[in-house]
Amino acid sequence: MTARLRIAIMISGTGSNMLAIHDACRSGRLAADIVGVLTDKPQAPGLAKARDRGLHVEAIPVQAGEDRRAHGDRLLAALKILQPQVVVLAGYIRILSDEFVNALADRLLNIHPSLLPKYKGLHTHRRVLEAGDTLHGATVHYVTPDLDCGPCVLQARLKVQPGETEDTLVARIHRAEHVIYPTVLAWLAAGRLQCIGSVPMLDGQQLKAPIVQDFE
Ligand code: GAR
């Protein structure tokens with residue numbers, strides 16, 4: 001029997017993606033264990049939810065005068081003890097140091113609420129609505145030092161509906177994210193997905209473009 005994938009999750013907010021990943025682990029859809037949940041925000045609502053579920057949690061806020069590199073080093077020290085095979089950013093809002101990202105090269109995933117490479121950065125739903133785009137989505141990608149630029153693995157794509165607001169998009173994108181993040185992790189756990197030198201391979205084939213899944 002193959003060992004279960006060891007996942008660490010980093011959050012800053014509500015943690016709904018973390019819960020979806022945990023649900024997938026509990027239901028058997030994802031052969032993985034969450035070995036720890038780290039946050040930079042001790043008051044993050046997601047942290048209390050993780051605690052309620054009996055997950056190991058650690059709050060590692062930025063200390064006064066601490067720079068990005070020093071904070072990243074403390075995060076890495078905590079991860080070293082947890083020994084995850086993959087680190088999953090799930091609404092982790094702080095920009096990470098290059099040293100942190102490079103130390104976890106090919107083992108660090110993020111989910112971003114847009115169809116990357118469109119709309120890197122913040123306020124993606126608002127920018128999609130302002131631009132009058134007809135399509136929007138979310139992307140699971142490997143993290144490289146350039147923000148929201150790493151190789152994409154899986155995208156959820158949905159049509160922007162008439163009368164759509166930021167709130168309706170948040171809800172619809174979240175629903176899709178809760179499917180695609182566990183899917184990518186299940187590929188990893190099953191040995192179907194690998195990333196070597198920032199090149200993702202799915203079922204032995206190089207992923208030159210993300211797989212796209214359509215959602216209502
Ligand atoms: C998600 O929509 C995720 O795509 C986004 O934060 C939300 C976290 O929700 N991430 C980013 O914007 C990263 N650039 P959650 O805390 O409920 O999982």
Side-chain angles (χ1 to χ4, degrees), residues 7-26 30 32 34 36-53 55 57-61 68 72 75 86-97 100-101 104 108-130 133 135-158 160 164-185 210 212-213 215:
I7 299 175
I9 303 186
M10 292 174 55
I11 63 168
S12 301
T14 55
S16 70
N17 278 285
M18 170 198 72
L19 295 180
I21 292 165
H22 190 230
D23 286 343
C25 294
R26 290 202 297 201
L30 169 54
I34 298 173
V37 176
L38 268 51
T39 187
D40 59 323
K41 298 242 181 308
Q43 304 309 324
L47 202 64
K49 294 173 196 165
R51 226 180 252 121
D52 285 349
R53 288 185 175 209
L55 296 173
V57 301
E58 285 184 53
I60 306 180
R68 188 174 291 162
L75 291 169
V86 59
V87 177
V88 168
L89 304 180
Y92 189 79
I93 285 311
R94 195 169 292 281
I95 295 175
L96 292 156
S97 67
F100 180 92
V101 172
L104 293 169
L108 184 61
L109 285 166
N110 182 42
I111 191 154
H112 181 77
S114 79
L115 292 170
L116 290 173
K118 293 191 87 173
Y119 304 112
K120 296 166 186 165
L122 299 174
H123 310 303
T124 57
H125 309 311
R126 188 187 313 163
R127 288 154 67 203
V128 161
L129 291 172
E130 281 169 2
D133 286 7
L135 291 172
H136 188 28
T139 304
V140 178
H141 66 97
Y142 280 97
V143 178
T144 56
D146 290 328
L147 188 68
D148 298 331
C149 282
C152 300
V153 178
L154 179 60
Q155 289 187 320
R157 180 173 61 187
L158 46 84
V160 178
E164 195 95 65
T165 65
E166 275 189 70
D167 285 346
T168 60
L169 277 179
V170 167
R172 292 178 67 209
I173 293 287
H174 260 136
R175 271 198 297 278
E177 288 184 335
H178 299 165
V179 176
I180 63 170
Y181 224 167
T183 297
V184 169
L185 292 168
V212 178
Q213 194 175 342
F215 285 81

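For ligands, and for the atoms within them, numbers begin at 1 and follow the listed sequence. This one's a predicted model, so the numbers in the text were calculated from it and none came from an experiment.
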Nearest-contact summary for atom 12 (O) of ligand 1 - protein heavy atom, Å: P113 CD, 3.3 Å

Pairwise salt bridge (charged side-chain N to carboxylate O under 4.0 Å, His left out) hits with a residue in residues 170-180, at least two apart: E164-R172

Would you say H174 has any N or O atom under 3.5 Å from an N or O of ligand 1, going by distance alone? yes

Checking heavy-atom distances from atom 14 (N) of ligand 1 to each of H112, K120, H123, the winner is H112

Close-contact set for ligand 1 against G91 heavy atoms, below 4.0 Å: 6 (O), 8 (C)

Taking all heavy atoms of D148 and all of H112, pick out the closest pair and write down the distance. OD2-CE1, 3.3 Å

Between R94 and P61 (side chain of the first, backbone of the second, donor and acceptor by atom type, cut-off under 3.5 Å), is there such a pair? no

Whether H178 side chain and L19 backbone form a donor-acceptor pair below 3.5 Å: no

Would you mind running through ligand 1 and noting each atom that sits below 4.0 Å from a heavy atom of T14? 15 (P), 16 (O), 17 (O)

side-chain contact (heavy atoms from CB on, under 4.5 Å) with M10: of L96, I60, N110, I93, only one passes, and it is L96

Please verify whether a non-hydrogen atom of I111 lies at under 4.0 Å from ligand 1. yes

Indicate whether the side chain of H125 and that of H136 have a donor and an acceptor atom separated by less than 3.5 Å. yes

So is there a nitrogen or oxygen of N17 less than 3.5 Å from a nitrogen or oxygen in ligand 1? yes

Hey, does N110 come in under 3.5 Å of ligand 1, counting only N/O atoms on both sides? no

Taking the side chain from K41 and the backbone from G13, do they hold a donor-acceptor pair closer than 3.5 Å? no

Do ligand 1 and G15 have nitrogen or oxygen atoms that lie under 3.5 Å from each other? yes

Give me the residue, atom name and distance of the protein heavy atom closest to atom 2 (O) of ligand 1. E177 OE1, 2.8 Å

